[in-house]
2 protein chains.
Amino acid sequence: MSRPSPAVSKKTVSRVINRSEFITDKTRQAVEQAIKMLGFVPNPQARALAFRRNFLIALLHDNPNAQTVLNFQQGVLDAIKDSDLALLVRPVDRGSDRLLDDVRVFLEKQRPIGAMLLPPISENDDLAALCENLGVRYVRVGSAPLDDARHCVSSNDREVVAEAVGKLVELGHRRIGFVRGPVGFRSAAERERGFHEALSKAGLTLPAGYSAPGNYRYAAGIEAGEALLSLAEPPTAIFCSNDEMAAGVMSVAYGKGIAVPADLSIIGFDDSPTATHIWPALSTVRWPIREMGVRAARILVPDFLDIGAKSSDEANVMASTFVERQSVAPPSR
Amino acid sequence: MSRPSPAVSKKTVSRVINRSEFITDKTRQAVEQAIKMLGFVPNPQARALAFRRNFLIALLHDNPNAQTVLNFQQGVLDAIKDSDLALLVRPVDRGSDRLLDDVRVFLEKQRPIGAMLLPPISENDDLAALCENLGVRYVRVGSAPLDDARHCVSSNDREVVAEAVGKLVELGHRRIGFVRGPVGFRSAAERERGFHEALSKAGLTLPAGYSAPGNYRYAAGIEAGEALLSLAEPPTAIFCSNDEMAAGVMSVAYGKGIAVPADLSIIGFDDSPTATHIWPALSTVRWPIREMGVRAARILVPDFLDIGAKSSDEANVMASTFVERQSVAPPSR
DNA sequence: CCTGTAGGAGACACCGGTGTCAAAGGCAAG
DNA sequence: CTTGCCTTTGACACCGGTGTCTCCTACAGG
């Protein structure tokens with residue numbers, strides 16, 4: 001296997017690698033064969049320097065739910081598997097007053113092709129504007145459209161929550177409690193809207209004290225459960241804004257000797273592992289987070305992914321679904 | 001604020017940034033001040049090109065437990081927060097026969113400073129050798145020492161499992177079942193050894209059929225629960241190799257009307273969110289995974305972390321702890 | 001057969017740092 | 001004050017690609 005002297009300049013190789021159109025098929029094929037034969041791998045650092053852009057996707061997140069982050073991450077990785085891209089993970093501190101500066105320094109240093117913003121920080125418009133200014137592509141992931149379609153992947157949480165609560169109504173529940181998500185979270189607001197829509201549609205009102213505050217954590221579920229189940233006339237069903245809080249409510253029910261689902265129906269949101277690990281298994285809303293990761297990547301870097309013209313046709317509102325398990329039954333009284 | 005003409009060459013700036021010793025304090029301070037004043041941030045891509053090394057740490061994982069991966073990741077990020085390093089996440093497919101090639105290409109392309117190997121792939125000696133050959137520093141995370149101290153962070157799982165099972169014995173349990181982890185996992189083997197040590201120490205033997213296979217998944221817990229709790233003389237306590245399987249066993253107990261902990265004590269391993277979300281809350285072994293992430297970073301890149309000579313003094317076997325909750329009680333008969 | 005033209009390929013500078021080695025500067029000794 | 005040595009600083013090439021501009025070549029048309 002003789003190694004021929006360089007018949008083409010490195011610039012020509014560069015053209016082949018970057019799919020330049022000013023090159024004949026003959027040359028292209030010759031170079032491609034040589035690349036394959038020699039196992040040549042372009043140095044990404046050199047490319048990054050010349051392009052002033054690193055072939056990376058940054059995942060910026062501040063989501064308390066590990067499963068959500070990792071599932072999304074997995075979706076992104078699925079999508080970029082056969083590309084030249086890699087994934088940089090960057091948790092940020094939503095509460096920090098240096099948030100914007102931190103992210104700015106990070107983006108300026110790493111110069112990723114694009115950034116993905118997971119909720120709840122995806123709801124921060126300043127971050128999106130920062131990406132825009134720095135010339136970093138971005139995609140925001142949310143529970144409802146946050147931006148124009150070029151920058152947003154979302155799911156139809158509101159509708160599905162309404163559907164789930166509608167099922168409770170169909171089963172005969174009239175006293176339905178609600179455990180809210182954290183204040184200021186779009187996802188929480190969407191879930192709450194869906195809940196109220198279902199109630200309105202059924203002509204029901206929310207009795208005083210039937211809506212408890214929460215923050216997506218188990219402990220908040222405990223508190224909410226204590227509050228709701230100590231009422232003189234407690235709800236016969238409770239919709240919790242996420243699974244962790246639903247687990248908290250369920251454990252309070254156990255403590256009080258209230259049987260689930262016989263005496264109390266519970267619905268959660270997320271379809272986290274917890275939903276199937278508790279007993280009875282929790283009816284919940286599955287959020288297609290992994291698929292959203294794939295979709296987000298396709299929106300962010302279609303030019304790196306060898307996908308056809310299809311990409312822009314795909315919906316960027318993904319379908320959440322209500323998953324019925326054993327925590328829901330008709331009211332006992 | 002006048003911008004003085006360059007009084008020093010860029011090489012001198014480079015020396016300051018890279019903490020070269022061949023530079024006077026006076027020059028160093030002047031340059032440092034200028035850097036701060038101008039907000040100069042060295043371009044990592046250029047440095048990467050010149051150093052032939054990217055200032056990144058790669059996290060290679062194939063762990064089914066999202067919480068574990070994310071906790072570890074968080075620990076690493078805690079440790080490198082104030083450094084110039086960033087974290088690249090790379091899931092790998094343990095089963096793939098191209099595993100080594102995939103990782104090789106990844107490491108050759110990204111050229112990270114170092115790689116962290118999470119279990120179970122940390123148990124793959126070929127991967128460690130590959131890192132060695134490519135000149136990529138590495139740290140292996142395991143349930144027991146896998147390599148010399150320069151390359152390993154582990155925890156004392158075996159001892160703590162023995163301790164936990166010892167507690168069961170102290171409470172009076174004599175018929176103790178075991179749900180195993182996946183075959184070939186070091187972590188599973190360590191937990192099993194700890195279990196058997198405790199039994200031996202107490203002079204107990206494992207009755208036939210008291211050890212059920214498992215794979216760390218909930219469904220395996222269900223199967224194991226069905227098997228163990230259907231025995232003519234079922235165990236009064238079961239140690240499960242992880243929390244998910246413990247949750248499965250617990251749900252089978254519920255289905256059979258067996259009260260936990262009154263009629264059956266259950267212990268898990270991981271202290272995952274599931275452990276506190278199920279009812280009764282699960283006694284389990286907490287694995288200090290986040291702290292291990294910090295420690296792994298200190299072992300991997302002490303020179304980037306502004307830590308004193310202390311680093312090498314720290315133990316690289318971290319302490320797991322037995323967390324007692326409500327799933328354990330004396331046997332009822 | 002010669003010339004004009006379009007499009008493919010190459011030369012060279014450049015991206016923003018670091019390695020190497022030579023030069024400059026400071027200080028002590030003569 | 002001069003010399004010599006050691007330390008600090010600077011000049012320049014280089015890392016491995018890409019952008020720009022120029023040159024060359026093949027082909028069509030006169």
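What you see below is based on every heavy atom in this structure, not just the backbone, and it leaves out hydrogens, waters and symmetry mates. A, B, ... follow the sequence lines: proteins, then strands. Residue 1 opens every chain.
Distance B:Asp25 CG to D:dT7 P: 15 Å, rounded to the nearest Å. Rounding to whole angstrom units, CZ of residue B:Phe55 and P of C:dG17 are separated by 12 Å. The nearest whole Å value for the distance from the NZ atom in A:Lys10 to the P atom in D:dT18 is 10 Å. The distance between atom CD of B:Glu108 and atom P of D:dC15, rounded to the nearest whole Å, is 18 Å. Protein atom CZ of A:Arg111 is 19 Å distant from nucleotide atom P of D:dG17, rounded to whole Å. Put simply, CD1 on B:Ile23 is 12 Å from C1' on D:dG10, counting in whole angstrom units. Taking atom CD of residue A:Glu21 and atom P of nucleotide C:dA9, one finds them 13 Å apart after rounding to whole Å. Across the protein-nucleic acid pair, A:Phe22 atom CZ and D:dA26 atom P stand 20 Å apart, rounded to whole Å.
One axis for each end of the helix from C:dC1-D:dG30 to C:dG30-D:dC1, each built from five base pairs, and the angle between them comes to 50° at 10° resolution.
Comparing D:dT18, C:dG17, D:dG16 against the side chain of A:Arg47 picks out D:dT18 as the nearest. Looking at the side chain of A:Val8, the nearest of the listed nucleotides C:dG17, C:dA9, C:dG10 is C:dG10.
No side-chain heavy atom of B:Trp287 sits under 4.5 Å from any side-chain heavy atom of B:Asn65. In this structure the side chain of A:Arg90 never reaches within 4.5 angstrom of the side chain of A:Gln110, judged on heavy atoms.
Across all strands shown, B:Leu49 has heavy atoms under 4.0 Å from base atoms, whether or not it also approaches the sugar-phosphate.
Using a 4.0 Å cut-off, no side-chain N or O of A:Thr12 falls inside it from OP1 or OP2 of C:dG8. The side chain of A:Thr24 contributes an N or O atom lying less than 4.0 Å from OP1 or OP2 of C:dA9.
In terms of modelled atom types and a separation under 3.5 Å, the side chain of A:Asn316 and the main chain of A:Ser154 share no donor-acceptor contact.
With hydrogens and angles left out, the side-chain atoms of A:Ser20 and A:Asn18 include no donor and acceptor closer than 3.5 Å. A donor and an acceptor atom, one from each side chain of B:Arg94 and B:Asn124, are nowhere located under 3.5 Å apart.
Heavy atoms only, all atoms of each residue included: A:Ala115 and A:Leu107 are closest at CB-CD2, 4.5 Å.
Annotation for A:Asp93: atom CG counts as buried by contact number, over 12 foreign heavy atoms lying within 6.0 Å.
Under the side chain to side chain donor-acceptor pair (under 3.5 Å) rule, B:Arg290 has a single partner from B:Thr68, B:Asn71, B:Asp78, which is B:Asp78.
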Residue pair B:Arg140, B:Asp125: steps toward the salt bridge (charged side-chain N to carboxylate O under 4.0 Å, His left out) verdict: CA-CA 10 Å; B:Arg140 304 166 75 172; B:Asp125 291 327; 2.7 Å; yes
Scan nucleotides 19-28 of chain C against the protein and return all N/O pairs shorter than 3.5 Å with their distances rounded to 0.1 Å.
{"from": "C:dG19", "atom 1": "N7", "to": "B:Lys11", "atom 2": "NZ", "distance (Å)": "2.8"}

